[in-house]
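Everything on this sheet refers to the single structure shown next.
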Amino acid sequence: MSAIEFYDTRTRSRRAFAPITPGHVRMYSCGPTVYGPPHIGNLRSRLFSDLLKRFLLSEGFRVTHVINITDVGHLVSDADEGEDKIEAAARRTGKSAEEIAAHYTQVWRDDGAAVNCLPPEHNPKATEHIPEQIDLAKRLEAGGYLYRIEDGLYFDTSRFPRYAELAHLDLAGQAEGARIGVTAGKRNPADFAVWKFAEAGVQRQQEWDSPWGRGFPGWHLECSAMADRYLGHHFDIHTGGIDLASVHHTNEVAQSECGYGVHPWVEFWMHNEFLDMGSEKMSKSKGNVRTLSDLVEKGVDPLAFRYFFLQAHYRQQQSFSDEAIQSAATGYRRLQAVARELGVADAAAGEPTWGAEEAAAVAELRARFRAALADDLNAPKAMAVVWEVARHDRLSPAARRDLLRGFDAVLGLRLGEARLAVADESGQDPRIDGLLAERQAAKKARNFAEADRIRDALKAEGIEIVDTPAGPEWRRGKPA
RNA sequence: GGCGGCGUGGCCAAGUGGUAAGGCAUGAGCCUGCAAAGCUCUGACCCCCGGUUCGAAUCCGGGCGCCGCCUCCA
């Protein structure tokens, strides 16, 4: 078996992967800041970490996966100024910060479940780990990494020589650029807040006492503190969107390596690329973010989005468009049809038996599927193997069923399961079933005009009739 | 100004030195009362120009085009 290789952002290279503790992988994924609905780009990140986790599980590793919920401290704008996102949303809607956070945390969990992501072993909230964050800040203060200015406690990036390492930053070059805003009092442009002081006269909903006064933690602090709490000082994999590398992750590294005295803090940094939205580029300020619910409203099965995700490599920008998601939905539907016919989800099916020749073919396909994923998680290549099995005309149904079942443990497409999507159950509505019977009778009498009339009438209601070898079925889609 | 990525058939997308996976769509056929579904068949001068090589989509140089990050952002 070939070695597992993953691309690591820090070293900008693909390396053989092996967990620090044999047999046990510890990974951390940057989760949502819960001030608004997750969009499909966020979902790509979630799906990426889920695919990674499922693959590691299929390799026999025990996996401890942590995904944080950031429910405080993420500022609306520029470096370390502006309003806290959650406080801002609360003010805008008249709800409490807790209500906002609780609501969007639930949406995030529901979306993850809808696309069949495994729940993380730990899903810690920043507000429930304030002591851990204060502890880290104290460690940094003791090490002389912090300095205090008017609005908060800042990390002095010049004290950390490896600051630019993860994202390969050219700090001097950047400083010449016009886009770096400089907060008054900061020693270096890249310095960031570890603890922010509550402003006098401004009543925040979320603030805590600390050795430095009342306030709230800086955005990056919670990830370092919670990763440490659940995974220890040194762990295997940290994932997130590519945009997080240069600021958020860079700052996490600075805090963690200086605070906990480790290097490297994380063995593999894995970043997923963005969804390319083309002309309809998503922008929260423009209010045109696309969410999973938007897709569902258009009749797209959430798992069709998962299928869509699997069609491109995670480190490649993936073009999203209605046409692209619709073709994925079609492909997914067909794959499901095959899987159902094969009984992929039928628990009753016993251990398959096959001859030596077939066993060799099965082993070869299984090896290619596994090798594709071991090759820096090349999902599209693995999907090609899936289709090869789905359309194989020489393997026995039992062999194909067994292969697809094994593949799906990693893919998470719920292959072969009866899905209750928009439209599955037929035979549940007496009126429609009655009309269907009438149509059958008309067909039998070769009165096709009447048969088609019934079909058209139902279609006008958004109900589609499909004749199958087993008889007519109907399903309710969206009204045309 | 700095950092990084991409440009493969109508669309999405693998492939990083030996002459192009897969999905969707299109067209033709089979099936069907008609549809739908399903099945079979169907398509590529790999952005352009140079170079290296026995051999390049794959490496190098130069163009052109597109995108992301550096500021909250997956």
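In the text below, chain A, chain B and the rest are named by the order of the sequence lines, each starting its count at 1. Only this structure's heavy atoms are used, side chains among them; waters, hydrogens and symmetry mates stay out. Keep in mind the model is a prediction, meaning the values are calculated, not measured.
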Given B:A13, B:C12, B:C70, identify the nucleotide with an atom nearest to the side chain of A:Ala312. B:A13
Over all strands shown, is A:Phe48 touching base, sugar-phosphate only, or nothing at heavy-atom distances under 4.0 angstrom? nothing
May I ask you to verify if any side-chain N or O of A:Arg290 is less than 4.0 angstrom from the OP1 or OP2 atom of B:A74? no
A:Leu43 atom CG is separated from B:A74 atom P, nearest whole Å, by 12 Å
Minimum-distance nucleotide (side-chain atoms of A:Val247 versus B:C3, B:C70, B:C67): B:C70
Looking only at side-chain atoms of A:Ala324, point me to the closest of B:C12, B:A74, B:A14. B:C12
Compare all side-chain heavy atoms of A:Leu395 with those of A:Leu403 and state whether any distance is below 4.5 angstrom. yes
Establish, from distance only, whether the side-chain atoms of A:Gln326 and A:Asp322 form a donor-acceptor pair under 3.5 Å. no
Given that A:Cys30 and A:Glu388 both sit by RNA chain B, which one's nearest nucleotide is further toward the 5' end? A:Glu388
Which is true for A:Leu244 with a 4.0 Å heavy-atom rule: it touches a base, it touches only sugar-phosphate, or it touches nothing? sugar-phosphate
Taking the minimum atom-to-atom distance to the side chain of A:Arg333, which one of B:G38, B:G68, B:G15 wins? B:G38
Mapping A:Gln311 and A:Gly241 onto RNA chain B by nearest heavy atom, which one lands closer to the 5' end? A:Gln311
Take atom P in B:C6 and the same atom in B:C24, then report the distance between them in whole Å. 27 Å
May I ask you to verify whether the side chain of A:His313 and the base of B:A13 hold a donor-acceptor pair under 3.5 Å? no
Pair partner, B:C59 [Watson-Crick or wobble, under 3.5 Å]: B:G51
Side chain of A:Ala384: nearest nucleotide among B:G22, B:A13, B:C69? B:G22
Enclosure of A:Arg394 CZ (heavy-atom neighbours >12, cutoff 6.0 Å): no
Provide, to the nearest angstrom, the distance between the CG atom belonging to A:Asp84 and the C1' atom belonging to B:C73. 15 Å
Is it true that the NZ or CZ of A:Arg204 lies under 6.0 Å from the centre of A:Phe216's six-membered ring and within 45 degrees of the ring axis? yes
For nucleotides B:C46 and B:A20, find the distance between their P atoms and express it as a whole number of Å. 11 Å
Using the P atoms only, state how far B:A13 lies from B:G62, rounded to an integer number of Å. 27 Å
With rounding to whole Å, what would you report as the distance between B:G63 and B:U26 at their C1' atoms? 35 Å
Cut-off 3.5 Å, side chains only: do A:Asp84 and A:Tyr35 have a donor facing an acceptor? no
Just to be sure I understand the rule, does A:Arg368 reach a base, reach only the sugar-phosphate, or reach nothing, if contact means heavy atoms closer than 4.0 Å? nothing
Pick the C1' atom in B:C31 and in B:C39, then give their distance to the nearest Å. 8 Å
Scanning all shown strands, the Watson-Crick or wobble mate of B:C31 with both distances under 3.5 Å is none
Write down the distance separating the C1' atoms in B:G29 and B:C67, rounded off to the nearest Å. 43 Å
What do you reckon, is CD of A:Gln106 surrounded by more than 12 foreign heavy atoms closer than 6.0 Å? yes
Between A:Arg315 and B:C6, does any side-chain N or O lie under 4.0 Å from OP1 or OP2? no
Whole angstrom is fine here: how far is it from CG in A:Asp170 over to P in B:C70? 16 Å
Pairing partner (Watson-Crick or G-U wobble, both distances under 3.5 angstrom) of B:U19: none
A:Met277 CE to B:C6 P: how many Å, rounded? 21 Å
Establish, yes or no, whether a centroid distance under 6.0 Å links the rings of A:Tyr7 and A:Phe268. no
In B/S/- notation, 5' to 3', how is nucleotides 24-34 of chain B contacted by protein heavy atoms closer than 4.0 Å? SS-------BB
I'd like to know whether the aromatic ring centres of A:His249 and A:His271 sit less than 6.0 Å apart in this structure. yes
Quote, to the nearest angstrom, the P distance that separates B:A44 from B:G2. 43 Å
Now, which nucleotide makes the Watson-Crick or G-U wobble pair with B:C6, with each of the two distances under 3.5 Å? B:G65
What distance, rounded to whole Å, do you find between the two C1' atoms, one in B:G23 and one in B:U32? 27 Å
Hey, does A:Gln318 reach any base, or is it just sugar-phosphate, or nothing, if we go heavy atoms under 4.0 Å? sugar-phosphate
Is the A:Phe48 ring parallel, tilted or perpendicular to the A:Tyr314 ring (thresholds 30°, 60°)? parallel
Closest to the A:Gln317 side chain, choosing from B:C73, B:A14, B:C67: B:C67
d(CD, A:Glu341; C1', B:C39) in whole Å: 11 Å
Which whole-number value in Å describes the distance from A:His249 NE2 to B:C70 P? 13 Å
Do the ring centers of A:Phe192 and A:His220 come within less than 6.0 Å of each other? yes
In whole Å, what is the span from the CZ atom of A:Phe308 to the P atom of B:G23? 17 Å
Pairing nucleotide - B:A37, Watson-Crick or G-U, each distance under 3.5 Å: none
A:Glu165 has an atom CD; how far is it from atom P of B:C3, in whole Å? 17 Å
